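These notes are about the structure you will find just below.
Just so you know, these numbers use all the heavy atoms, side chains as well, and skip hydrogens, waters and symmetry mates. As the structure is a computational prediction, the values presented were derived from the model and not from experiment. Quick note: residue numbers are just sequence positions, from 1.
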Amino acid sequence: MMQTFQNYIGGQFLDGAAWFDSIDPATNTVWARMPEARRDDVNAAVAAAKAAFWSEDWAGMTASGRGKLLLKLADLISENALRLAELETRDTGKIIRETSAQISYVAEYYRYYAGLADKIEGAHLPIDKPDMEVWLRREPVGVVAAVVPWNSQLFLSAVKIGPALAAGCTVVVKASEDGPAPMLEFARIFDQAGFPAGVLNVITGFGPECGAVLTSHADVDHVAFTGGPETARHIVRNSAENLASTSLELGGKSPFIVFEDADIESAVNAQVSGIFAATGQSCVAGSRLIISNQIKDAFLDRLKEKAEAVVIGAPDDMKTEMGPLCTVAQVRTASDLIAASTAAGAKVITGGLPMEREGNYFPPTIIDCSHAPGAPCLTNEFFGPVLSVRGFDTEAEALEIANNTAFGLASGVFTKDLTRAHRMIRGIHAGIVWVNTYRAVSPIAPFGGHGLSGHGREGGIQAALDYTKVKAVWLRTSDDPLPDPFIMR
């Protein structure tokens, strides 16, 4: 039965200017109608957020009051986690065992920022003037445009909405046109939490008529974006129109470094999780295996065995370990990059071709590029289950290969040598270094990168501070009249 979703603007559920079909990636069939927001819808959403920002209901609410509302929201997410997970699985192809686990944990992000809301503090300055008191106030930056992708969207929106609302901002979320159902359903849950109308608005639509209008809007004060570098460049250009600040969490080509002394089984399992979990559709995917030549053959034999044992199937089946890619375009991109890489001398160890079945299925793929250091699979982000491999002989060589990328988001190091681990931590150019683990996240820890992986951090205390601006307050404590400024003393 065809489902229909609506935008959420100013506390109301509204149709968009037009409609578009949403495709089930497991069958490539239409399953829902989505509201296509265009300029007028975007303007209405931003106007609602601006009005809410200045309203007494929100601006006059205490920080503790904001925290209580966020706690209520977290409870509602927990209560509705299965419904949200089922929608995300249907609309994006992510397997149900992953969406259900991830969405349950999303509630913890809102609980974390609920507790942080009344702990965003200012400061008193020991000023060098005896008749002055000076202190700093942290105030909300204003209206936030949060642009989120289809993958892990409830998590990637939580690390924007949570700290923004804790700080006292209002938010317009632009959900991806590829799989927006869980975000539009999230709006219904948010509506039950008791926030004032307009504090959060959720819309979806396409780039020129929706995303570009939102990110260049004169009343948007901050743009928080997760996605690819090319779209980020457009957003940065758009933000020149309103001089909005930006935080950008972009892609990655993350190195996964395994030394000869590592626990092999642990490293293999982490690599399987790092590249084949979520069908490789993760910005932190450990897509470059950099492996000591001393253990390379044995490691790849074990990894190939595990990759070929991955259960591929319908995303709503709890037995499935890897589902389809979200879009047909991703299948084409993976196929083209693999063909170009093998032409450059890389060797496919397993996988490499789309699966001959209904839907956007692509198998776990491993490509050995040890004799093809210029293969495009080493530098381009697949956003799919494709692992590129390079061997190394020395620690210095491993570090050089790891840093040979324009990205800088995540990395993994597997070794039992503590001093070596510290040297690698210092040397790797990435915002995250996981040692003897991979893909671990927490609301307490910041998340982000540099280079083509963007700037700014999500998660942790710093994220909440990034949604504030500092106001310096000067108070003269002397009762003496101010001197005449034109009488020189």
Next on the checklist: Within the structure provided, determine whether Ile257 and Phe392 are in side-chain contact (heavy-atom separation under 4.5 Å).
Outcome noted: yes
Checklist entry - Under 3.5 Å, is there a donor-acceptor pair linking the side chains of Thr89 and Thr99? => result yes
Next on the checklist: Do the side chains of Arg390 and Asp368 get close enough for a salt bridge, i.e. N-O under 4.0 angstrom?
Outcome noted: no
Checklist entry - Charged N to carboxylate O under 4.0 angstrom, Glu98 versus Arg439? => result yes
Next on the checklist: The test is ring pair (Phe, Tyr, Trp, His ring centres under 6.0 Å); show your working for Tyr467 and Tyr113 and say whether it passes.
Outcome noted: CA-CA 12 Å; Tyr467 289 100; Tyr113 284 108; 8.8 Å; no
Item to check | Non-hydrogen side-chain atoms of Ile161 and Val173 separated by less than 4.5 Å | outcome: yes
Checklist entry - Does any donor atom in the side chain of Gln330 or Gln281 lie under 3.5 Å from an acceptor atom in the other side chain? => result yes
Checklist outcome for this item: Heavy-atom nearest pair, Phe276 first then Pro385, reads CE2-O, 3.5 Å
Checklist entry - Does the side chain of Asn404 pick up a donor-acceptor pair with the side chain of Glu400 at under 3.5 Å? => result no
Item to check | Listed partners of Asn151 passing side chain to side chain contact (heavy atoms under 4.5 Å, CB included), at least two apart | outcome: Pro149, Leu156, Phe383
Checklist entry - What do the steps show when you test Arg111 against Asp75 for salt bridge (charged side-chain N to carboxylate O under 4.0 Å, His left out), and what is the final call? => result CA-CA 9 Å; Arg111 292 190 178 102; Asp75 290 343; 3.1 Å; yes
Item to check | Centroid-centroid distance, Phe155 to Tyr105, less than 6.0 Å | outcome: no
Checklist entry - Do you know the tightest heavy-atom contact between Thr215 and Val147? => result CG2-CG2, 4.0 Å
Checklist entry - How about Asn436 and Asp263: does a side-chain donor come under 3.5 Å of a side-chain acceptor? => result no
Checklist entry - Rounded to the nearest 0.5 Å, what separation is found between the CD1 atom of Ile367 and the OG atom of Ser341? => result 5.0 Å
Next on the checklist: Between Glu308 and Arg302 (salt bridge meaning N to carboxylate O under 4.0 Å), is one present in this structure?
Outcome noted: no
Checklist entry - Under the 3.5 angstrom rule, does the side chain of Thr365 hit a backbone N or O of Pro363 as a donor-acceptor pair? => result yes
Next on the checklist: Quiz question: by atom type and distance under 3.5 Å, do the side chains of Thr246 and His222 form a donor-acceptor pair?
Outcome noted: no
Item to check | Any donor-acceptor N/O pair, Thr342 side chain to Ala339 backbone, under 3.5 Å | outcome: yes
Item to check | Ion pair check, Glu265 and Lys306, cut-off under 4.0 Å | outcome: yes
Checklist entry - Do Asp417 and Thr419 get their side chains close enough for a donor-acceptor pair, meaning under 3.5 Å? => result yes
Checklist entry - Side chains of Lys160 and Thr226: donor-acceptor distance under 3.5 Å anywhere? => result yes
Next on the checklist: Before you tell me yes or no, could you show the steps for Lys94 and Thr279 under side chain to side chain donor-acceptor pair (under 3.5 Å), namely the whole-Å CA-CA distance, both residues' side-chain angles and the distance that decides it to 0.1 Å?
Outcome noted: CA-CA 8 Å; Lys94 288 190 66 171; Thr279 320; over 6 Å; no
Next on the checklist: Nearest 0.5 angstrom please: Asp393 CG to Lys296 NZ, how far?
Outcome noted: 10.0 Å
Next on the checklist: Is any side-chain heavy atom of Glu86 closer than 4.5 Å to one of Asp316?
Outcome noted: no
Checklist outcome for this item: For Ser411 and Ala430, the nearest pair of non-hydrogen atoms, with its separation, is OG-CB, 4.0 Å
Next on the checklist: Is the shortest side-chain heavy-atom distance between Leu300 and Val389 below 4.5 Å?
Outcome noted: yes
Checklist entry - Does the Asn7 side chain pair with the main chain of Asn201, one donor and one acceptor, at a distance under 3.5 Å? => result no
Next on the checklist: Please evaluate residues Asp261 and Arg420 with respect to the criterion salt bridge (charged side-chain N to carboxylate O under 4.0 Å, His left out), reporting the C-alpha separation (whole Å), side-chain torsions for both, the decisive distance (0.1 Å), and the verdict.
Outcome noted: CA-CA 11 Å; Asp261 66 336; Arg420 171 192 279 161; 3.2 Å; yes
Checklist entry - Does a side chain donor of either Lys253 or Ser388 reach within less than 3.5 Å of an acceptor in the other side chain? => result no
Next on the checklist: With side-chain contact (heavy atoms from CB on, under 4.5 Å) as the criterion, how do Arg457 and Phe447 come out once you've worked through the C-alpha distance, each side chain's angles and the decisive distance to 0.1 Å?
Outcome noted: CA-CA 5 Å; Arg457 293 295 181 267; Phe447 181 99; 5.9 Å; no
Checklist entry - Would you call Ile120 and Thr468 a side-chain contact if the rule is heavy atoms closer than 4.5 Å? => result yes
Next on the checklist: If you define the side chain from C-beta out and look only at heavy atoms, does anything of Ser22 sit under 4.5 Å from Pro180?
Outcome noted: yes
Item to check | Electrostatic pair Arg90:Asp24 at N-O distance under 4.0 angstrom | outcome: yes
Checklist entry - Between Ser335 (side chain) and Val331 (backbone), is there a donor-acceptor pair under 3.5 Å? => result yes
Item to check | Pair Asp91, Trp150: side-chain N/O donor-acceptor within cut-off below 3.5 Å | outcome: no
Checklist entry - Just by modelled atom types, is the Lys304 backbone N or O under 3.5 Å from a matching donor or acceptor in the Thr350 side chain? => result no
Next on the checklist: Using ring centroids (six-membered ring only for Trp), state whether Tyr110 and Phe190 fall under 6.0 Å.
Outcome noted: no
Checklist entry - Going by atom types alone, do Asn238 and Ser216 pair a side-chain donor with an acceptor below 3.5 Å? => result no
Checklist entry - Thinking salt bridges, do Arg423 and Glu395 make one under a 4.0 Å N-O criterion? => result yes
Checklist entry - Any side-chain heavy atom of Met183 within less than 4.5 Å of one from Leu154? => result yes
Item to check | CD on Glu249 to SG on Cys283, rounded to 0.5 Å | outcome: 4.0 Å
Checklist entry - Would you find a donor on one side and an acceptor on the other, under 3.5 Å apart, between the side chain of Ser254 and the backbone of Ala410? => result yes
Item to check | Side-chain heavy atoms of Leu337 within contact of Val386, under 4.5 Å | outcome: no
Checklist entry - Nearest heavy-atom pair of Ala314 and Thr320: which atoms, and what distance? => result O-OG1, 2.7 Å
Item to check | Between CG on residue Leu214 and NZ on residue Lys174, distance to nearest 0.5 Å | outcome: 9.0 Å
Checklist entry - Just wondering, are more than 12 heavy atoms of other shown residues or ligands nearer than 6.0 Å to CD1 in Ile461? => result no
Item to check | Distance under 6.0 Å and angle within 45° of ring axis: Arg288 vs Phe256 | outcome: no
Next on the checklist: Testing the basics here: between Pro364 and Val310, what is the closest heavy-atom pair and its distance to 0.1 Å?
Outcome noted: CG-CB, 4.1 Å
Checklist outcome for this item: Shortest non-hydrogen pair, Ile77 vs Phe186, comes out as CD1-CE1, 3.8 Å
Checklist entry - Stepwise, does the side-chain contact (heavy atoms from CB on, under 4.5 Å) test hold for Phe20 with Val30? => result CA-CA 10 Å; Phe20 66 94; Val30 176; over 6 Å; no
Item to check | salt bridge (charged side-chain N to carboxylate O under 4.0 Å, His left out) between Glu230 and Arg233, worked out | outcome: CA-CA 5 Å; Glu230 191 54 43; Arg233 291 185 181 98; 3.0 Å; yes
Checklist entry - Once you round to the nearest 0.5 Å, how far does CG of Asp336 lie from SG of Cys377? => result 13.0 Å
Checklist entry - Distance from Ser266 atom OG to Gln271 atom CD, nearest 0.5 Å? => result 12.0 Å
